[in-house]
Amino acid sequence: MPEKLPEKLLQIETRPPQGDWKNPKVEFRKGVFCYSALPKNLNYLGLPNAREWQPFNEDWKLPPDWKRIILEGMKERLNKYRSFRLFMETCVRCGACADKCHFYVGSSDPKNMPVLRAELIRSVYRRYFTLTGRIFGSLAGGRELIEDVIKEWFYYFYQCTECRRCSVFCPYGIDTAEITMMGRELLNLIGCNINWVLEPAANCFRTGNHLGIQPHGFKDSIDFAAEELSEIVGIPIEVPINKKGAEILFVMPSADYFGTPHYYTLLGYLALFKEIGLDYTVSAFASEGGNFGLFTSHEMMKRLNAKIYDEAKRLGVKWILGGECGHMWRVLHQYMSTMNGPAEFLEAPVSPITGTVFENARSTKMVHICEFTADLIHNGKLKLDPSRNDKLKVTYHDSCNTARGMGILEEPRYIIRNVCNNFYEMPENTIREQTFCCGSGSGLGTDENLEMRLRGGFPRANAVKYVKEKHGVNLLTCICAIDKATLPALMDYWVGGVEVAGVHELLGNALVMTGGKERTTDLRGEPFVEQKEEEAVHA
Ligand code: SF4
Ligand code: SF4
């Protein structure tokens, strides 16, 4: 462990805390919570109680009738979402989920056990919505809804990345992520949200993407990428933007055209589309796959998801292809059809290159880039030279939303095995459905809560460390924009010497393009083969 690490992150208290868990008091200590949403973002999105405040303030400036709003909001949601009522009533406190949350593993705070996280809201449900709770109160496991409970909800529902790992182990299928989503949705009714969620949501609503990039900025970025890729591969490349009548609309997370290492994934997609001659377009309006509505409310999720479909309709495409994103796919897979779909105006997706019909996308009409590429490889449509990635020893992090959220487990591995020669899996209980979260998902990837992110990311980092020490792994691949943004810091902190990349970056390295020049560099402009020090000096 590097010496620079503050000792406190390694101190994990494993003794049970003294005192009653029902006491809602929390300490908003620097490094473990996120700042509140700015009033301009609440106003933009039409959310209530826009004001200046911070979680560490004594006075949260809640509306005078906040208690009525929360209880009525709970009642409405208990009637509307059967899952919410079921999850409130079902838990038998068996404890199977208790040690499965990365935030509990990294912090040892009992209220980060999924069972107890859910109990924070379940206890209020018991007090106000069950007969025994109304009569016997705390004797029946109920808790009074007081202002400190709201502060406690805020603290712990923004220390849950909605990753659903706990649900895999619950014998009753209780999904604590859904409970967190309800908790956040209720908090939003009284104006309690974090800026790292609401600013991207507001930007997305205004300009189509999280970063607030205007259409001309989007075009500049895409054109720049096309030009740079042309130089790397020696083939002129143009990317169609807002092209009406294209067969396919391609939607990616905005980080792909504005962040690193995401950008190299973008180069990988563009190389692939050029090579297979795909008739596609990107859109300067549906310029974001990610959906921060998932972390706000069902209503917000629906609003942000709709823009992709509106744009597909406007451009007259047949179907939609989506890039390496996490929550875009969770929204698509789990909610789109009941929120905005089925998208009857589009056609069932068919690969124009292989003829494969993507039956799984009949309702959403949207295919994941890994499904699309795996199908191309499977049908022998790509010429690949995996030795170009020989300097890399690769492992793969299953992003929670694509793995647990939609079951994309084999396709990325199939691509990786075809584009590189050195692939090593992390331990079985840390991958696939049991994958550990990056610790920064669901809008928590900001800097002010870095300590909590590093604590929450500890189990994932630990598994990477294991394969680094055993096999010399030096690259962690993933297919989620939040992972690509947050895993580098996690790797630097806990592991060291491990880079992060998208799967389509490796594909772009290995892809032998028709008519291209003899390539010696990868998509990062670095030599395919690791140069020895003295060769580099003479190069
Ligand atoms: S959804 Fe993930 S972060 Fe939330 S309680 Fe479950 S395991 Fe923890
Ligand atoms: S595993 Fe399920 S039933 Fe058991 S304590 Fe956790 S949420 Fe409750």
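Order of appearance sets the numbers: ligands from 1, and atoms from 1 within every ligand.
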Inset, instruction - Write down the atom of Glu425, the atom of Ile431, and the distance for their closest heavy-atom approach. - result: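 Looks like OE1-CD1, 3.5 Å.
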
Cut-off 3.5 Å, side chains only: do [X] and [Y] have a donor facing an acceptor?
| X | Y | result |
| --- | --- | --- |
| Glu505 | Tyr263 | no |
| Thr373 | His504 | yes |
| Thr265 | Lys484 | yes |
| Tyr269 | Asp256 | yes |
| Ser254 | His262 | no |

Inset, instruction - Measure the distances from the heavy atoms of Thr161 to every atom of ligand 1 and state whether one is below 4.0 angstrom. - result: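 True for this residue.
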
Inset, instruction - Examine ligand 1 and decide if any of its atoms is less than 4.0 Å from a heavy atom belonging to His102. - result: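 True for this residue.
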
Legend entry - For Asp398, the option from Arg413, Arg432, Arg460 that meets salt bridge (charged side-chain N to carboxylate O under 4.0 Å, His left out):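 For Asp398, the salt bridge (charged side-chain N to carboxylate O under 4.0 Å, His left out) test succeeds with only one of Arg413, Arg432, Arg460, which is Arg413.
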
Inset, instruction - Would you check whether Pro114 reaches within less than 4.0 Å of ligand 2, judged by its heavy atoms? - result: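 The answer is no: ligand 2 sits nowhere under 4.0 Å from a heavy atom of Pro114.
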
Inset, instruction - Return yes when Cys166 approaches ligand 2 closer than 4.0 angstrom through a heavy atom, no otherwise. - result: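 No; Cys166 lies far enough from ligand 2 that no heavy-atom distance drops under 4.0 Å.
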
What atoms of ligand 2 come closer than 4.0 angstrom to any heavy atom of [X]?
| X | answer |
| --- | --- |
| Cys97 | 1 (S), 5 (S), 6 (Fe), 7 (S) |
| Arg93 | 5 (S), 8 (Fe) |
| Ala96 | 1 (S) |
| Val115 | 5 (S) |
| Pro171 | 1 (S) |
| Tyr172 | 3 (S) |

Inset, instruction - Flag the pair Thr477 / Thr395 as yes when at least one side-chain heavy-atom distance between them is below 4.5 Å, and no otherwise. - result: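 The answer is no; the side chains never approach within 4.5 Å.
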
Inset, instruction - Answer yes or no: is there a side-chain heavy-atom contact under 4.5 Å between Leu189 and Arg77? - result: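 In contact.
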
Inset, instruction - Report the part of Arg164 in contact with ligand 1, treating N, CA, C, O as backbone and CB onward as side chain, heavy atoms under 4.0 Å; options are side chain, backbone, both, neither. - result: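 Backbone only; the side chain of Arg164 stays clear of ligand 1.
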
Inset, instruction - State whether Cys170 contributes an N/O/S atom found under 2.8 Å from atom 4 (Fe) of ligand 2. - result: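 Looking at Cys170, which is the residue asked about, there is no N, O or S atom under 2.8 Å from atom 4 (Fe) of ligand 2.
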
[atom]: which protein heavy atom is closest, and how many Å away?
| atom | result |
| --- | --- |
| atom 3 (S) of ligand 2 | Val92 N, 3.6 Å |
| atom 4 (Fe) of ligand 1 | Cys160 SG, 2.3 Å |
| atom 2 (Fe) of ligand 1 | Cys163 SG, 2.4 Å |
| atom 8 (Fe) of ligand 2 | Cys91 SG, 2.4 Å |

Legend entry - Test log, rule side-chain contact (heavy atoms from CB on, under 4.5 Å), inputs Leu145 and Trp66: CA-CA 10 Å; Leu145 182 58; Trp66 66 266; 3.8 Å; yes

Legend entry - Value rounded to 0.5 Å, distance of CD in Glu152 from CZ in Phe157: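 Those atoms lie 8.0 Å apart.
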
Legend entry - Residue Arg117 vicinity, atoms of ligand 1 by number, heavy atom under 4.0 Å: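 That gives atoms 5 (S), 8 (Fe) of ligand 1.
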
